[in-house]
Peer 1: 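Shown below is the structure under consideration.
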Amino acid sequence: MDVLAELRTATAPGADLALVVVPAGLGLAVPGRRWAVPGDAAGSAALLARLEELLRPRWTWWAAAGAVGRLPDPLPHLARCHDVGAVHRLLAGGSREDPAACWAAAHGLPQPPPPARRPAPLHGTGLLDLDGGDDGEPVGDDGQLAPAWSQGRALGEAEPAEQVVRAARWAALALEVAQRQARAVAALPEHRRRPGGPPLGVQTAHAESAAALLAVELERTGLPLERATAEGLLERAAGPRPASAAEEARLRAVRDAPVRRALGAGEVDLRNPAQVLGALRGLGFDLPDTRAWRLEQFRHAHPAVEALLSWRKAERIATTYGWSWLDTAVGADGRLRGAWSASDAAAGRMTAQAGLHNLPAELRPAVAAEPGSVLVRADLGQVEPRVLAAVSADAALTAATRDDDLYAPVAAALAADRPTAKVAVLAAMYGQTSGAAGEALQRMERAYPTALGYLRAAEEAGREGRDVRTYGGRLVRVGAPAPGEVGAATAARGRFARNAVVQGAAAELFKAWAATVRAGLSGSAGRIVLCLHDELLLHVPAGEAERAAALLVGALEQTAGRWAAGSGVRFVADVSVVRRWSEAK
DNA sequence: CCCATGACGAG
DNA sequence: AGCTCGTCATGGGT
């Protein structure tokens with residue numbers, strides 16, 4: 001094929017190669033050249049696989065979902081990428097990742113208005129001059145991207161031949177932004193001198209990009225779940241599957257009745273917290289709210305409390321993780337699928353919908369490997385305090401990371417027991433001020449002044465409304481104080497920033513680890529099927545279990561060695577090979 | 001119909 | 001009782 005031959009002479013292996021996929025084919029771009037390649041989805045996927053094999057490029061796209069989301073299964077394994085949207089969010093913070101925002105930031109222009117959540121009604125048919133009368137040019141007189149392009153209409157509404165030509169042009173623009181971003185991440189401040197390897201900001205940009213691609217793959221792959229097992233667990237927790245809406249209402253009334261009686265208020269709506277609060281007051285409980293942790297201490301004081309708490313638990317399963325959840329979120333192939341985001345708006349953790357991140361423990365036995373496969377699970381041990389040691393360069397806390405159980409040396413340093421040490425460490429990272437943590441925090445200050453100083457500096461920035469940057473370079477926007485803001489809001493911003501520098505850095509390490517594991521699985525049938533903040537779950541052929549377990553450990557060693565280079569901080573992972581998720585540890 | 005609130009599942 | 005997320009039900013405002 002012509003394009004292949006031309007690309008081989010036009011670009012070196014490993015170089016940036018911009019990609020835009022449209023229904024009519026794809027657009028490719030390298031500096032100074034671009035190609036429009038007509039073809040169907042299968043042809044486009046085949047070409048990508050071939051290019052990957054020949055060139056191993058750094059695929060560059062506006063967003064992974066838009067670039068490969070339309071390609072048919074199975075997606076070819078693409079090893080390396082630069083995701084303009086993901087890198088923009090790293091550099092600029094916030095949650096915008098639309099092309100117009102990325103373009104403006106890369107060119108030092110003011111942020112354009114966010115795209116309408118619902119596309120504006122179309123007054124014409126396929127016209128490109130709906131917004132501001134542009135003439136089909138992607139860049140307007142003001143230097144901003146034309147809305148018709150940034151919102152996809154310029155590509156989506158063009159005739160096939162024109163569509164691929166525009167795709168190539170669109171790819172060239174992504175490449176230009178990516179190159180500006182690459183300079184920006186290389187110039188991010190390093191927290192301290194780091195021996196060897198690419199700058200940390202560059203590492204983070206690559207890991208964030210890989211995570212964005214992984215998010216697309218996770219969404220396709222899904223989490224293997226045994227429907228029959230899930231149905232059994234659901235039946236036990238929330239009752240039998242209702243045959244109709246009327247039946248559902250009847251079962252609900254049956255569940256409610258004894259709790260209402262116990263509360264001594266036949267009319268109370270259990271789903272209305274204000275009414276529940278009133279009923280509890282009638283029983284002599286004077287409470288500010290009816291949250292479970294608050295009610296817990298009265299569990300044995302009155303049978304109604306116990307009844308309410310267990311009702312709530314069943315109600316949670318029945319509503320959020322009930323039969324309708326099973327029907328909508330679990331496919332005919334027994335895979336639980338939900339949308340994934342590679343980074344949340346706060347500190348950059350991965351998020352997932354459809355219960356993937358908050359599946360109740362009772363339902364987890366249903367998550368099981370398919371016949372012939374196993375689940376290989378790994379979770380990072382005490383990752384946040386270890387991350388704190390690395391990012392703050394606290395020598396004493398770094399020494400504590402050499403222990404498998406970090407809290408043991410911390411307890412020794414604080415002259416406290418292990419539970420107290422754990423509370424003190426968590427309180428420091430979350431900004432807790434009250435309760436039993438107070439005294440222990442004082443000792444933390446003395447034992448780990450550098451780490452605590454790092455946290456205090458972040459908190460101070462947050463209180464003043466100054467943005468903070470994580471160790472890996474992510475800008476965390478704090479937001480200016482509102483005029484006349486009350487002290488509680490200021491304190492909340494301080495706690496947010498204090499926690500964000502730890503939680504955010506941990507998310508960066510986690511994503512870099514996940515990216516390394518993903519790379520190590522290329523060529524295997526094994527897949528990452530779940531990312532859960534500090535935990536990776538792989539689904540692999542049974543014969544590859546040992547290899548996968550070794551990969552998880554080796555990838556952590558390799559990743560941490562780059563990420564925390566020279567810090568001396570040790571990271572640990574607990575790995576187990578199981579049939580069911582619930583069997584791990 | 002959108003949004004804030006309370007509540008709770010997970011890390 | 002300090003951080004983050006997603007989801008559901010309710011009730012008040014359009």
Side-chain angles (χ1 to χ4, degrees), chain A residues 95 117-118 223 237-238 252 256 268-277 287-297 308-322 324-325 328-329 338-364 367 379-385 387-388 422-438 440-441 455 458-459 462 468 470 476 478 488 491-507 510 530-537 581:
Chain A
S95 56
R117 259 201 292 157
R118 243 179 252 136
L223 182 68
R252 201 157 65 158
D256 293 4
V268 69
D269 180 354
L270 297 174
R271 293 163 191 83
N272 184 330
Q275 289 188 29
V276 173
L277 193 59
L287 301 164
D289 58 59
T290 72
R291 295 181 134 88
W293 65 267
R294 211 185 284 283
L295 289 178
E296 191 59 45
Q297 54 193 312
L308 178 63
L309 286 171
S310 44
W311 175 87
R312 284 243 180 94
K313 209 157 176 58
E315 181 71 4
R316 169 67 45 183
I317 303 275
T319 55
T320 307
Y321 308 102
S324 63
W325 165 78
T328 57
W340 282 82
S341 160
S343 84
D344 67 31
R349 298 213 294 192
M350 295 183 82
T351 66
Q353 299 181 341
L356 284 158
H357 270 184
N358 48 3
L359 200 65
E362 312 167 54
L363 297 183
R364 294 192 174 193
V367 176
D379 76 308
L380 302 177
Q382 303 158 343
V383 65
E384 289 195 344
V387 160
L388 174 59
K422 183 173 176 176
V423 166
V425 169
L426 295 176
M429 291 187 302
Y430 288 156
Q432 182 182 347
T433 49
S434 64
L441 266 177
L455 293 171
E459 169 155 10
V468 293
T470 63
V476 177
V478 172
R493 271 208 322 278
R495 287 193 303 271
F496 166 70
R498 170 187 278 260
N499 183 249
V501 293
V502 178
Q503 191 181 97
F510 175 80
L530 191 68
C531 295
L532 192 44
H533 306 316
D534 62 354
E535 175 177 351
L536 278 172
L537 194 64
W581 193 17

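As the structure is a computational prediction, the values presented were derived from the model and not from experiment.
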Peer 1: Counting only N and O atoms by type, is there a donor-acceptor contact under 3.5 Å from the side chain of A/Arg495 to the main-chain atoms of A/Gly462?
Peer 2: no

Peer 1: For A/Ile317 and C/dC8, give me the distance from atom CD1 to atom P, rounded to whole Å.
Peer 2: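 Nearest whole value for this atom pair: 13 Å.
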
Peer 1: Is there a side-chain contact between A/Leu530 and A/Trp340 in this structure, where contact means two heavy atoms from C-beta onward sitting under 4.5 Å apart?
Peer 2: yes

Peer 1: Identify the two heavy atoms, one from A/Val468 and one from A/Ala458, that lie closest to each other, and give their separation to 0.1 Å.
Peer 2: CG1-O, 4.2 Å

Peer 1: Could you tell me the separation between the CD atom of A/Glu315 and the P atom of C/dA9, rounded to a whole number of Å?
Peer 2: 8 Å

Peer 1: For A/Asp534 versus A/Val383, what's the shortest heavy-atom pair and its separation?
Peer 2: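 Residues A/Asp534 and A/Val383, closest heavy atoms: CB-CG1, 4.0 Å.
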
Peer 1: Could you please spell out the steps behind the side-chain hydrogen bond (donor to acceptor under 3.5 Å, both in side chains) verdict for A/Arg312 and A/Thr290?
Peer 2: CA-CA 11 Å; A/Arg312 284 243 180 94; A/Thr290 72; 2.8 Å; yes

Peer 1: Hey, is the main chain of A/Ala347 close enough, under 3.5 Å, to the side chain of A/Asp344 for a donor-acceptor pair?
Peer 2: yes

Peer 1: Expressed in angstrom and rounded to an integer, what is the separation of A/Arg495 atom CZ from C/dA1 atom C1'?
Peer 2: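 A/Arg495 atom CZ is separated from C/dA1 atom C1' by 9 Å.
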
Peer 1: Grab the CG-C1' distance between A/Leu426 and C/dT4 for me, whole Å please.
Peer 2: 14 Å

Peer 1: Under 3.5 Å, side-chain donor or acceptor atoms of residues 348-359 of chain A against the rest of the protein: list the pairs with distances, not counting sequence neighbours.
Peer 2:
unit_1: A/His357; atom_1: NE2; unit_2: A/Cys531; atom_2: O; d: 2.6
unit_1: A/Asn358; atom_1: OD1; unit_2: A/Tyr321; atom_2: OH; d: 3.2
unit_1: A/Asn358; atom_1: ND2; unit_2: A/Tyr321; atom_2: OH; d: 3.3

Peer 1: Starting at the 5' end of DNA chain C, which residue's closest nucleotide do you reach first, A/Gln353 or A/Ala346?
Peer 2: A/Ala346

Peer 1: Between A/Tyr430 and A/Val502, does the side chain to side chain contact (heavy atoms under 4.5 Å, CB included) criterion hold? Intermediate values first, please.
Peer 2: CA-CA 9 Å; A/Tyr430 288 156; A/Val502 178; over 6 Å; no

Peer 1: Look at all strands and tell whether A/Ala354 reaches a base, only sugar-phosphate, or nothing, counting heavy atoms closer than 4.0 Å.
Peer 2: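 Here A/Ala354 touches the backbone only, sparing every base.
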
Peer 1: What N/O pairs connect the protein and nucleotides 11-14 of chain C at under 3.5 Å? Give each pair on its own line.
Peer 2:
unit_1: C/dG11; atom_1: OP1; unit_2: A/Asn272; atom_2: ND2; d: 2.4

Peer 1: Establish, with yes or no, whether the OP1 or OP2 oxygen of C/dC8 is under 4.0 angstrom from a side-chain nitrogen or oxygen of A/Thr320.
Peer 2: no

Peer 1: Treating primed atoms plus P, OP1 and OP2 as sugar-phosphate and everything else as base, which nucleotides of nucleotides 6-11 of chain B get B, S or - for protein heavy atoms under 4.0 Å?
Peer 2: SBBBSB

